[in-house]
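Working notes, beginning with the structure itself.
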2 protein chains.
Amino acid sequence: MTDGKREKSWRAGPVRIRVTLPGEPGPSSPKERLTVERIVDAAMDLMAEQGYDAVSMRSLAKALDTGPASLYAHVASKEEVDQLVLDRISAELVVPAPDPGRWDEQLRQVMRDMLALYRRHPGSARAAIGMIPSGTGALRTMEGLLAICDAGGISPQASAWFCDLAAAYVSAIAVEEAIWVQRANSTPPGEEPDHPAIDEQLRAMMEALPAAEFPLVTSMAAVMTAGDGDDRFEFGIAVLVAGLRAVSDTYR
Amino acid sequence: MTDGKREKSWRAGPVRIRVTLPGEPGPSSPKERLTVERIVDAAMDLMAEQGYDAVSMRSLAKALDTGPASLYAHVASKEEVDQLVLDRISAELVVPAPDPGRWDEQLRQVMRDMLALYRRHPGSARAAIGMIPSGTGALRTMEGLLAICDAGGISPQASAWFCDLAAAYVSAIAVEEAIWVQRANSTPPGEEPDHPAIDEQLRAMMEALPAAEFPLVTSMAAVMTAGDGDDRFEFGIAVLVAGLRAVSDTYR
DNA sequence: ACCTGAACACCGTTCAAGT
DNA sequence: ACCTGAACACCGTTCAAGT
């Protein structure tokens, strides 16, 4: 966008026609200037392709064809990179305008969308661990959730704390899933990809427990390992929203 | 316990009388044999004193007066050490015998106790991230939760998934708290320990937002930052248990 | 069987020096 | 102002060698 600025650095010789598009330097173009945006782009690419653990200040630097120290002119720390990645991602979430008759379904849908966001950006959930949601994207989501709760007649205190609760639950599920996926992907290609599923193994393990000490776990092994991630998540958000409705009046 | 075995390695000279007690080597005693127990002990001490990040295979080895490679004769990986630490900790939790008339209060109490456990062992929550609860301690807790749900007339499917939900929620809160605590502790002693509280800052930040774009967040800043960790947790477990009661019949 | 030293392939961050 | 090389103080894990 600010092409004039970029050209200034090589004001020599006749006019050079740049054949390459802005964000896409040709194979032998002069090194592109480092910017926060390029660092975040690289981090998101790396995360999508190789997972959260593959994103380090050093791998980031390598992807940007420079040394790790150079990044510190633009970001303060690895933590800030994670924060910026999360901000970028959370901008993708759109919260619907409140519809009073459907406030509960709307709350559940926002939570589904939050999980979908984490899934669409594998690794992002791990960056979110213990992050205080100060970015504009996260605050926009909160604003939207509060509006839906308000339309549903939920008390302010319950609405406010519910935002916390919903965010904590969704990110906990997302992190759990991310670690599962990572473990599955890091299984050496030759080896069995665990495909009879960890569920099967878990179920077998539970059934093999001493029935005298674990009567319920052994007899309920099937139901305990029933359903996929989506089934469990649907249960979770149903519990959360039904619970919110139930306790709303006692928190005002 | 198997002292005979231990003596065998230095069967020379007259009988040596061991003055030191089994787990308590004197200042100049021969190096104590490495065991999984000693490794787990050291990991828990290190974690309690300096936090999760201070526990590494190398720091562990140093604490045990050996090199990192030596640990691998007893444990397969850092992950296994974390698993073992968690097993040890979860053994501390006692789940009460079910009392049908108080099933909801009992569920909440078990969740309070789970959080208290993580708090009593600072850093343990971070070890629990993404851990599949295969230890006997975790399974005992599940058995207890299932018994309480059963006494409360909750359907098996809802009970089973609720165990997951409760564990995910409590550990998410514990991890969040642990990261907070860690950040507070790692503030350089000279600097302000943030004591007007992050809550204050967060509240100020929310109030400073453009009211046109964030009408609810700005006007509800006070209520959004209200309460301490316990207040929020009480709200969370109230929502969970009330929600479980509400949806139980639709999941059977 | 258990322990060791040394090495391999990594981390995040700092800092003096360059342009 | 921005970038760099080199260094500091770390990681988890492996492996050949010792006892």
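All chains are named by letter (A, B, ...) in the order of the sequence lines, taking the proteins before the strands, and each is independently numbered beginning at 1.
Between the A:Trp161 side chain and the B:Ala226 main chain, a donor and an acceptor come within less than 3.5 Å of each other. The backbone N or O of B:Ala221 sits less than 3.5 Å from a side-chain atom of B:Thr225, completing a donor-acceptor pair. Using a distance-only test at 3.5 Å, with no hydrogens or angles considered, a donor-acceptor pair links the side chain of A:Ser171 to the main chain of A:Ala167.
For the C1' atom pair drawn from D:dC10 and C:dA9, the interatomic distance equals 13 Å after rounding to whole Å.
Protein atom CG of B:Leu46 is 14 Å distant from nucleotide atom C1' of D:dC11, rounded to whole Å. When rounded to the nearest whole Å, the span between NE2 of B:His74 and C1' of C:dA1 equals 9 Å. Between A:Arg58 atom CZ and D:dA9 atom C1' the separation is 11 Å, expressed in whole Å. One atom, CD of B:Glu79, and another, P of D:dT13, lie 9 Å apart when rounded to the nearest Å. Atom C1' of nucleotide D:dC2 and atom CG of A:Leu64 are separated by 15 Å, given to the nearest angstrom. A straight line from CG of B:Leu60 to C1' of D:dC11 spans 13 Å, rounded to a whole angstrom. Summarising the geometry, the separation between CG on A:Asp53 and P on D:dT13 is reported as 12 Å, rounded to the nearest angstrom. As a whole-Å value, the separation of A:Arg33 CZ from D:dT4 P is 11 Å.
The side chain of A:Ser59 lies closest to C:dC11, out of C:dC11, D:dT14, C:dT14. For B:Tyr72, the listed nucleotide lying nearest its side chain is D:dG12; candidates were D:dT4, C:dG12, D:dG12. Set against C:dT13, D:dT14, C:dC3, the side chain of B:Ser70 has C:dC3 as its closest nucleotide. Which of C:dT4, C:dT13, D:dT13 sits closest to the side chain of A:Lys78 comes down to C:dT13.
Nucleotide D:dG18 forms a pair with C:dC2, judged by Watson-Crick or G-U wobble geometry with both contacts under 3.5 Å. When both distances must be under 3.5 Å, the Watson-Crick or G-U wobble mate of D:dG12 is C:dC8.
With respect to A:Glu213 and B:Arg140, no salt bridge is recorded, no charged nitrogen being found less than 4.0 Å from a carboxylate O. Salt-bridge annotation for B:Arg126 and B:Asp82: absent, with no side-chain N of the basic residue lying under 4.0 Å from a carboxylate O of the acidic one.
Residue contacts for B:Ser56: at a heavy-atom cut-off of 4.0 Å it reaches the sugar-phosphate backbone alone, with no base atom in range.
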